[in-house]
Structure formats: structure tokens, C-alpha cells
Amino acid sequence: MTERRLYLIDAFALIFRAYYGNMRLKNGAAYTMARMLLALVAQHKPTHIAAVFDRPEPTFRHEIYPEYKANRAEMPEDLRPQVPLIKDLIQALNIPVVELAGYEADDVMGTLARMASREGLPTVIVSPDKDLLQLVDDPGGVQVLNNRDGEVWIDRAGVKARFGVWPEQVVDVLALMGDASDNVKGVDGIGEKGARDLVDQYGSLDAILAHRGELKRKAHREGLEAALDRLPLVRRLVTVVTDLTLPVTPADLAYPGVDMAQARNAFKALGFEQLTKEFTAVGSATAPAPERRYRAAATLADLEAAVAACRQAGRFGLDTETTSLDPVRGHLVGLSLAWQEGDGLYVPLAHLKPGSEAAEGALPGLLPESGLPEALLDLRGDPEAFFDDLAPHLDPRNLPFREVRRILAPLLADPAVAKAGQNLKYDLQVLRRHGLPVAGVGDDSMVLSFLLDARSRHNLDDLSSRHLDLRPIPFEAVVGKGKAQKRFDEADFDQAVQYAAEDADLALRLCRKLGPLVDAAGLERLYREVDLPLVAVLADLELDGVRLDPAVLERLAVDLRAQREASLARAVELAGEPFNLNSPAQLGRILYEKLGLPVLKRTDKTKAPATDEDVLTELAQREDGEIAQVLLRHRQVQKLLSTYVEALPTMVNPVTGRLHTRLHQAAVATGRLASSDPNLQNIPVRTEEGRAIRAAFVPRPGWVFLDADYSQIELRVVAALAGDPVLLGAFERGEDIHRRTASEVMGVPMEAVEPSQRSAAKAVNFGLLYGQGAFALSGSLGITFKEAKAFIDRYFERMPKVAEWIEATKARALEDGLVRTRWGRVRPIPDLHSSNPGLKAQALREAVNTVVQGTAADIMRRAMVRFAQALAKEGLAARLLLQVHDELLVEAPPEEADRVEALLREAMEGADDLGTLGVSLAAEVRRGANWMECK
DNA sequence: CAATACGCGTAC
DNA sequence: GACGTACGCGTATTGG
């Protein structure tokens with residue numbers, strides 16, 4: 001018999017969470033609410049339960065304080081109609097709905113909880129709202145279940161731990177800090193932290209008031225003095241009422257359990273197909289779990305049998321579990337193999353003993369500050385020694401790493417056995433760092449999904465529900481969320497097994513499903529010859545990293561900090577008061593309210609007066625514009641310092657001494673790669689000062705950098721796709737394309753083109769790629785709209801094929817609702833048929849730009865694969881370090897430099913071998929002792 | 001405290 | 001309305 005307990009659901013709080021968690025589906029809030037309640041009922045088997053709602057009528061709080069909740073936004077349009085549906089749904093689940101006019105759900109729950117306590121019935125309040133912590137009372141009394149972050153139970157000690165004070169002190173804290181969302185003002189100068197500290201120190205609000213003259217902080221003393229009259233009212237507003245007269249008693253809330261048929265009818269009426277199906281099954285009172293054959297390997301013989309089965313199958317799903325999402329941090333905790341659908345074997349390697357002290361620093365072999373496994377990072381360390389050190393802390397259910405490695409290594413390294421995974425790049429990196437190199441990347445569900453639709457989401461959860469109609473165990477369900485989040489090696493063992501084995505199974509199933517779709521879409525070659533081999537190329541690139549010389553940046557930092565201080569001082573002097581130069585809001589007040597400068601532009605979202613570079617440049621021209629000038633300089637310096645000069649050195653990996661960026665293959669809708677942590681695709685180059693940062697990027701000692709740029713690759717793509725003879729001719733003759741454009745459009749001979757004419761032509765050429773209009777061109781060139789329009793018109797007159805191609809591309813996009821690159825990569829563009837003319841125009845620009853940018857991106861991907869293959873074939877030591885859209889950075893030993901340069905040029909210039917473009921590609925290679933010298 | 005939004009600025 | 005694709009920093013707000 002389960003323990004008697006009353007569960008009180010804070011209905012609106014959960015509904016809002018359900019709503020924001022599932023906005024995309026029609027009736028998404030109702031659906032998610034149903035799922036949450038079913039999970040709660042299945043997991044906790046409550047003996048008593050109620051869903052408590054707020055009523056729309058004003059409450060006693062409005063009566064004693066008219067402004068109560070006056071700032072509340074209306075309920076979202078698409079949520080309001082769901083509320084009655086949700087009420088019906090809850091009742092269909094046999095859960096009683098309780099509400100009382102004039103009082104909020106909090107008060108009803110408070111009263112019910114107190115009544116239950118008196119009857120000896122323990123109560124659990126399910127809510128993320130901190131206000132309810134005041135009701136907590138144990139042992140055997142009231143607990144709060146915050147199921148926002150996984151599941152967090154909060155008892156008296158929990159309130160103290162999370163909120164800093166005991167439950168009976170919560171109202172005092174709330175009174176001091178107020179509640180912005182209810183429009184209740186607390187004490188000026190006291191925020192949440194201040195309130196907690198004060199109550200903790202003095203014990204209660206009354207005690208604080210009695211000692212208000214002695215408080216340390218002036219702001220606290222003055223704030224309290226000013227709020228003295230208001231505080232009793234505030235305290236009453238935030239206090240939950242526990243003595244209402246209710247039409248129900250806890251005994252009335254006994255829970256009979258879900259009635260399958262009744263629930264099924266409700267789900268069906270709401271159109272929840274999956275749930276309807278689940279509840280159609282005969283049998284138990286709760287939703288039947290789909291059959292899982294997921295288990296952990298208990299012995300090495302289990303593993304050996306699995307390896308044999310994988311070999312037999314010729315391909316298997318592979319997934320690794322680690323202590324960190326960052327592929328160059330953390331260590332292997334286990335790995336999963338799945339060789340037939342529905343099965344999955346998890347191999348546990350480094351799960352900690354339950355309840356063992358798992359503080360990061362306490363684990364042997366981890367660098368104390370970063371938690372990095374030292375032995376594993378530089379690829380030369382000894383992973384087995386690391387696991388030996390770990391052994392005393394490990395759960396006995398783990399298998400010994402040394403033996404597992406011996407058994408698995410040949411399978412993983414065998415290119416004839418295909419590995420299927422979700423984001424295999426990550427697994428490749430983790431395994432290689434543990435002395436388990438992988439060959440035979442057979443399929444990657446993330447890469448497949450990206451090829452089919454570059455716009456959608458590609459994580460395992462989304463893919464599984466979209467393509468398999470399965471909802472995998474959420475990662476958070478295993479490790480928790482927020483403060484209570486654990487590392488994977490600390491998670492519950494059995495849950496970890498299910499989660500991990502499922503991932504390998506799902507990846508295998510997704511690849512089986514998506515592979516044929518990619519083939520059917522005519523994308524097989526793009527997948528097999530570009531995107532799939534790119535996975536291993538990027539894995540290596542990221543692991544290699546690039547060397548950074550911190551001394552270069554430190555010198556730069558000293559100089560820039562001095563400049564920043566000087567401009568700060570001058571700006572404050574000109575403003576007449578101190579302010580935060582980094583705050584556009586504060587800056588706006590100074591510029592436009594205090595100094596009375598004219599507002600030239602407003603921001604898009606909030607219509608606040610803009611303070612961007614354009615505006616400041618304009619203001620700087622004025623007599624009283626010195627402050628704008630100073631700010632421009634400050635902005636530039638601050639940007640360089642905060643984003644690059646001070647940030648980059650902190651991201652250097654302490655073991656490798658190198659910067660390991662991440663390159664994302666399935667991130668950019670056009671097919672470009674994206675770089676992050678740090679982003680090395682936006683290192684400054686335009687200004688001299690910014691460029692100096694590139695001098696800190698250096699090859700390993702004794703080696704050289706080779707840096708290769710595609711020349712005008714996007715314009716070449718346009719020329720080829722449009723078949724424009726003027727542009728194609730210019731490229732074939734190796735001419736300066738902007739000069740040629742100027743010559744054609746302005747009707748002057750090539751040698752007579754003025755620099756200003758060339759730069760105008762250059763602007764038009766770039767604008768072309770983005771679908772720029774005359775208005776924007778006039779702005780960027782500082783000419784009139786009329787002049788710009790005439791310029792563009794003449795451009796298309798001289799190059800009519802380009803105009804035709806643009807129109808044809810738009811027409812095709814409108815017909816298909818999507819665009820494709822030269823090699824078939826797909827990007828759906830939903831707004832193409834928008835009734836909003838602005839959105840539609842934007843969609844058309846996106847369509848044209850995507851074909852150009854995406855085709856160039858495909859070519860660059862292919863070039864990277866070709867180059868990596870060439871290096872491997874010739875057994876060279878040179879390494880590919882970075883890709884910046886049209887540029888590849890390589891480091892090589894000096895004796896390899898000539899050969900590598902030839903290979904690099906060949907790889908890039910011949911990279912349209914998947915479907916000839918019809919224009920020659922040109923790559924320019926430079927050498928240098930640092931990245932700056934390569935420009 | 002953390003997550004999120006915003007304004008801004010860097011790259012190609 | 002009027003130029004496409006990204007990522008990151010600092011500030012300010014929110015958390016229902």
C-alpha cells in the first residue's frame with residue numbers, strides 16, 4: 001500500500017509552463033499538461049489529489065490594494081481558449097478541480113494543506129512558485145515539489161538551503177523584496193539577496209524594523225524608513241491565507257486513478273493521436289511504456305557477444321556518455337552499441353559509487369581548476385592510467401576500461417563496419433581522446449536531417465518525435481536541471497543505462513529512416529562525398545586547435561585599457577555625470593535627454609533612441625558632437641578588449657595550450673559552418689588595431705602558416721549559375737572583377753576606372769549577393785536614391801543574364817516553397833507566400849542569397865574533405881586549423897610547405913567536382929609566421 | 001542565480 | 001520596407 005499523500009497542483013503555474021514549453025503545437029499547452037499530469041500520477045501514485053485554479057474575479061488583495069497585479073499582461077491569445085479544455089481534461093483524468101472566488105490558488109492550497117496536516121495527511125504542493133515555500137512544514141507535513149528542474153523536493157531544510165531562510169521567515173523576505181510580477185513594491189534598496197540576508201541575520205521583519213537604525217547599509221536604512229507605512233500591507237499581500245472556508249475537505253480528494261476509457265475519449269476529442277493510441281491498449285491503469293530492450297553489459301562476455309553481433313550486422317549505432325558537453329573537456333562515462341532496432345547495450349565505464357563524494361576536484365587525474373582529465377587531453381596521455389586512478393571511486397557495475405578498450409578498439413577502428421550516430425563528431429573526439437580512434441563513419445542522423453531540411457531542428461529529441469514518433473528520455477530526467485544538475489557519472493545507474501542505450505538505438509533507427517530519404521531527394525553524393533566525410537575532418541580540426549600567443553594579446557591589452565580609461569574619463573566629463581558607457585539605455589539618456597542631441601534613428605524592437613555607429617558618426621560631425629566621437633572610439637576599444645583581447649586567452653586549453661573552437665555542421669541555414677566557443681570566424685581584420693589580434697594566432701614552434709582564400713567565390717557562383725558572359729569572361733581572364741564591373745557599367749575603359757568608381761562597383765557587386773535595393777545602396781555609397789537606382793539599372797542592362805537568373809530563381813522558389821544549392825542542399829523558406837509584403841520580399845532575398853551563399857559553402861565543404869584526404873594519402877604532418885567561409889588556415893612543417901601549398905590549391909580549385917560549376921575557381925595562398933602576416 | 005531579450009559590433 | 005548568414009559581449013529584465 002502506498003503512503004497516503006495529498007498532491008495539490010498549482011494549475012495555472014503549470015499551464016503557463018506547459019504553454020511556453022510547447023508553443024508550436026495546436027493545443028500544445030493542453031497536450032503538455034496532460035503529459036505532465038500523467039507522469040506525475042504514474043510516478044507518485046497519489047492517494048489524494050486536486051488541481052487548484054485561480055478565479056478571474058478580483059480577490060481580497062485587489063480590495064486592500066487596488067494596484068494589485070495591475071501590470072499583468074493579458075493571457076496569450078492562443079492560450080486563453082485552451083484553459084477550459086484543460087479543465088475538462090483534468091476532470092477526465094479523475095482529478096478534482098478546486099477554486100474559490102475572491103481567493104487565489106495559493107490561498108486555497110494553503111488552506112487545504114493545513115487541513116490535511118491536522119488530519120495527519122502529508123501534502124505535496126506541485127509548483128515552481130517560490131511564494132509557496134512559506135507553507136512548507138514537516139516532518140510529515142507539507143512539502144513543495146518543484147518539477148521545473150527535473151524533480152526537486154523541498155522540505156524545511158530545502159527551503160533554508162534554496163531560499164536562505166526558514167519557511168516561517170519567507171513572508172518577511174517577500175515583504176521586503178516585494179513581488180514585481182504582482183506589482184507589489186517592497187523596500188527600495190533591498191533586493192532578494194538583501195532581504196534574505198537581513199531576515200537571516202535578525203530573524204524576522206519586526207526585529208529588522210526594531211533595529212532599523214543600526215543597519216550597515218545606508219540604502220537599507222533609508223529604504224526601510226520610507227517603506228515603514230507600507231510594510232504591514234505588503235506583508236499581508238504576500239501572505240498565503242490558510243483559514244478559508246472551503247466546500248471540500250481533503251478526504252473528498254481521494255484519488256481513484258485514471259479511467260482508461262474516459263481518458264482516451266478526452267484525448268481523442270482533443271486530437272492527441274499518440275495519447276489516444278497509448279490509452280487504447282488494454283491493461284494497466286497508466287500509459288503502457290513502449291517495449292525497451294535496453295540493458296547494461298554485466299560482463300566482458302556480454303561485450304564480446306555484442307561486438308560479434310555488430311560485426312555480423314556490418315553496422316551499428318554508437319553513442320558515448322561523458323561528464324561534459326564540451327568534447328575537449330570531461331571524460332568517458334560509458335558507451336552504447338545498438339545493432340538491431342529496439343535493442344541497445346550500454347557499457348558502463350566510470351559511474352561513481354552511489355553516494356560517493358563526487359566533487360570534481362576529488363577525482364584523481366582531473367586538473368583541479370577546470371576539471372579536465374589531464375591524461376586524456378593531449379592525445380599522448382595514458383587513458384588506462386586515468387581509469388586506474390579512478391578505480392577506488394567507481395561503482396562495481398562498471399566494466400574495466402582496459403579490457404573494454406582491448407575488445408572494442410578493433411571494431412571501432414575497422415572502416416568496414418559502419419558506425420551510425422547522432423552528431424558522431426562528438427563521439428569521434430571523445431573516443432580518440434581515450435585511445436579509441438574510430439574509422440567507418442557510416443551515417444549521422446544530424447547530418448542527414450540537415451541535408452533534408454537545413455532549417456529545422458536536428459537534436460535527437462526533435463528528430464525522434466518527428467520521424468519515429470518516439471519521445472526519448474530527456475537528458476534532464478537523468479541528470480536533473482539547474483542547481484541540482486548532476487554529471488552523468490553521478491546519475492542514477494539504471495536510469496543512465498536506459499537513457500544511454502536508447503540514444504544508440506534511436507540514432508540507428510533515425511539513420512535507417514533518413515538515409516533513404518536523402519537518397520530519394522537526390523542528395524546521396526552530397527551526403528557521401530561531402531557532408532559525411534566532413535564529420536571526421538571537423539572532429540580532427542577541433543581536437544587539434546590553434547596555438548595562441550598570449551603575450552601578443554597582453555601587450556595589446558595594456559595599450560587598449562589605457563585608451564579605454566582615457567575615453568571613459570573624457571566622456572564622463574562631457575556628460576557632466578558618471579554613467580555606464582556600455583549601456584545603450586544610459587547612454588541614450590545622456591545624449592538625448594541631458595545633452596539634447598537630436599534623435600536620428602530609433603531601435604527596431606523597442607523604438608528607443610538608437611546609439612549605434614551610424615548615429616554616433618553623424619552626431620560626431622556636429623559642433624557639440626565631441627562626446628559622440630569619444631564614444632565611437634570607446635566602443636571600438638571596448639569591443640576589441642571584451643570580445644577578443646581579454647576573452648581569447650581565457651579559452652586556451654590548459655593542457656594543449658591551444659584554442660579549440662567548435663565548428664557546427666548543422667547550424668547555418670545556407671550550409672555554411674558556424675564557429676563558437678570561441679567564434680574564430682569573426683576575428684577582426686578591417687582595422688589595423690583589430691588586425692593586430694591575428695598576430696597572436698601562431699603555428700606550433702618551427703612550423704609555418706599557410707592561408708588560402710577563395711577569390712570572389714560567391715560572385716563566381718553567380719556568374720556561373722547565371723551564365724553571364726561579361727562576368728565569366730572577366731573571371732576566365734583573371735581580371736579585377738570590380739574594375740571590370742565599373743568599366744562595363746560606367747562605360748569607361750578598364751585602365752581609366754577611377755578608384756571611386758571601382759569601389760562603387762564593388763558595393764553593387766556585394767549588394768547583388770544580398771538582394772540590396774537602391775535605397776540601401778544610396779546609403780552605403782553616400783549617393784542619392786536616384787543615382788543608386790540608375791546605377792543598378794545600368795548594371796542589369798549590361799549583365800542581363802544576372803537579372804534573368806535572379807528572376808528565375810525567385811520564380812522557382814515561389815513555386816517550390818524552397819530553394820536548393822547547385823548540389824541540391826535544401827532550405828525551405830516558409831515566408832515566400834506571406835501576405836505581409838515585407839516578409840515576402842525578405843523571403844525572396846533570402847532565397848536568392850541562399851543559392852549563392854549555399855553553393856559556395858558546399859564547395860568549401862568539399863574542398864576541406866579533399867584537402868584532408870590529400871594530407872592523409874601523402875602521410876603529411878600538416879594540419880587544417882580553421883575555416884572562415886572562403887578561407888582555410890593550415891599549419892605545416894617548413895619542409896612540407898611547398899607540397900602542402902600545392903595540395904591546398906588543388907583541393908580548393910578542384911572542389912566543384914561534384915557537379916561542375918562552369919567557372920574556374922581561384923585560391924590565393926599566403927604564408928606567414930602568424931595569421932596577420934597572411935593578409 | 002539563470003535564462004532570456006536587447007542593442008551593438010565583428011566576420012564573410 | 002528597403003542587406004544575406006552567423007556568434008558574443010554587456011546590460012537589463014524576468015522568473016507567471
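Just the heavy atoms: all of them, side chains too, but no hydrogens, waters or symmetry mates, feed the values below. Throughout, protein chains are lettered first and strands after them, A, B, ... in sequence-line order, and every chain is numbered starting at 1.
Listed nucleotides: dG7(B), dC9(C), dT5(C). Nearest to the side chain of Lys605(A): dG7(B). Closest to the side chain of Asn580(A), from the set dT11(C), dA11(B), dG8(C), is dT11(C). Checking dG4(C), dC3(C), dA12(C) against every side-chain atom of Ser583(A), the shortest atom distance belongs to dA12(C). Among the nucleotides dT5(C), dG9(B), dG7(B), the one closest to the side chain of Pro584(A) is dG7(B). With distances taken from any side-chain atom of Ser642(A) to the nucleotides dT10(B), dC8(B), dC9(C), the minimum falls on dC9(C). Side-chain proximity of Ala610(A) to dC9(C), dC7(C), dC8(B): nearest is dC8(B). In this structure, of dC8(B), dC9(C), dG4(C), it is dG4(C) that holds the atom nearest to the side chain of Arg845(A). Counting only heavy atoms from C-beta on, Thr603(A) has its side chain closest to dG7(B) among dC9(C), dG7(B), dC12(B). Distances from the side chain of Gln772(A) to the nucleotides dC3(C), dC8(B), dC7(C) place dC3(C) closest. Set against dC6(B), dG4(C), dC9(C), the side chain of Thr606(A) has dC6(B) as its closest nucleotide.
Counting any heavy atom pair closer than 4.0 Å across all strands shown, Gln638(A) reaches sugar-phosphate atoms only and no base atom. Residue contacts shown for Ala857(A) are absent, as no nucleic acid heavy atom lies under 4.0 Å away. As judged by a 4.0 angstrom heavy-atom cut-off over every strand, Gly838(A) is placed among residues making no nucleic acid contact. Backbone-only engagement by Gly771(A) is indicated by non-hydrogen atom pairs under 4.0 Å involving sugar-phosphate atoms exclusively. Counting any heavy atom pair closer than 4.0 Å across all strands shown, Thr850(A) reaches no nucleic acid atom. Across all strands shown, Ala674(A) has heavy atoms under 4.0 Å from sugar-phosphate atoms exclusively, and none from any base. Nucleic acid contact for Leu673(A): none, since no nucleic acid atom lies under 4.0 Å from a heavy atom of the residue. Using a 4.0 Å heavy-atom distance criterion, Arg662(A) is classed as making no nucleic acid contact. No contact: Asp604(A) has no heavy atom under 4.0 Å from any strand. Nucleic acid contact for Val685(A): sugar-phosphate only, since backbone atoms but no base atoms lie under 4.0 Å from a heavy atom of the residue. Residue contacts shown for Gln586(A) are limited to sugar-phosphate atoms, with no base heavy atom under 4.0 Å away.
The side-chain contact (heavy atoms from CB on, under 4.5 Å) with Gln712(A) is formed by just one residue from the set Asn765(A), Leu921(A), Ile737(A); it is Ile737(A).
One can place CZ of Phe53(A) at 17 Å from P of dG16(C), the figure rounded to the nearest angstrom. Summarising the geometry, the separation between CG on Leu587(A) and P on dC9(C) is reported as 21 Å, rounded to the nearest angstrom. Here the P atom of nucleotide dG1(C) and the CZ atom of Arg602(A) are 15 Å apart, to the nearest Å. Rounded to whole Å, the distance from CG on Leu616(A) to P on dG9(B) is 7 Å. Between Asp10(A) atom CG and dG16(C) atom C1' the separation is 9 Å, expressed in whole Å. Here dG9(B) presents its P atom at 18 Å from CD1 of Ile683(A), a figure rounded to the nearest Å. Separating the CG atom of Leu640(A) from the P atom of dC9(C) is a distance of 14 Å, rounded to the nearest angstrom. Counting to the nearest Å, the C1' atom of dT5(C) and the CZ atom of Arg455(A) are 16 Å from each other.
In this structure, Lys601(A) does not pair ionically with Glu618(A), as no charged nitrogen and carboxylate oxygen lie closer than 4.0 Å. No salt bridge links Arg589(A) with Glu577(A); every basic N to acidic carboxylate O contact stays at or beyond 4.0 Å. Ion pairing of Lys935(A) with Asp709(A) is present here, as a side-chain N (NZ or NE/NH1/NH2) and a carboxylate O approach within less than 4.0 Å. Ion pairing between a basic and an acidic side chain is recognised when a charged N comes within 4.0 Å of a carboxylate O; Arg694(A) and Asp707(A) show no such pairing. Ionic pairing of Arg825(A) and Asp858(A) is present here: one or more N-O contacts between side-chain nitrogen and carboxylate oxygen are shorter than 4.0 angstrom. Taking a cutoff of 4.0 Å between a charged side-chain nitrogen and a carboxylate oxygen, Glu689(A) and Arg633(A) qualify as a salt bridge.
Side-chain to base pairing of Arg635(A) with dC8(B): no donor and acceptor N or O lie closer than 3.5 Å to each other.
Of all non-hydrogen atoms in Glu104(A) and Thr59(A), the two that sit nearest each other are CG-CG2, 3.8 Å.
Aromatic rings from His738(A) and Phe766(A) are positioned such that their centres are separated by under 6.0 Å.
dA2(C) and dT10(B): their C1' atoms are spaced 24 Å apart (whole Å).
Listed by chain and number, the residues in a ring-ring contact (aromatic ring centres under 6.0 Å, His included) with Tyr770(A) amount to none (sequence neighbours excluded).
At dA6(C), none of the side-chain N or O atoms of Gln853(A) fall inside 4.0 Å of OP1 or OP2 (strictly under the cut-off). Within the structure, a side-chain polar atom (N or O) of Arg686(A) is placed less than 4.0 Å from OP1 or OP2 of dA11(B).
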Q) For DNA chain C, what is the dot-bracket line, given that a base pair needs Watson-Crick (N1 to N3, plus N6-O4 or O6-N4) or G-U wobble (N1-O2 and O6-N3) geometry with both distances under 3.5 Å, and | means paired with another strand? A) ...||||||||||||.
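Residue Tyr644(A) is the one, among Tyr644(A) and Ala585(A), whose nearest nucleotide of DNA chain C lies closer to the 5' end (criterion: closest heavy atom).
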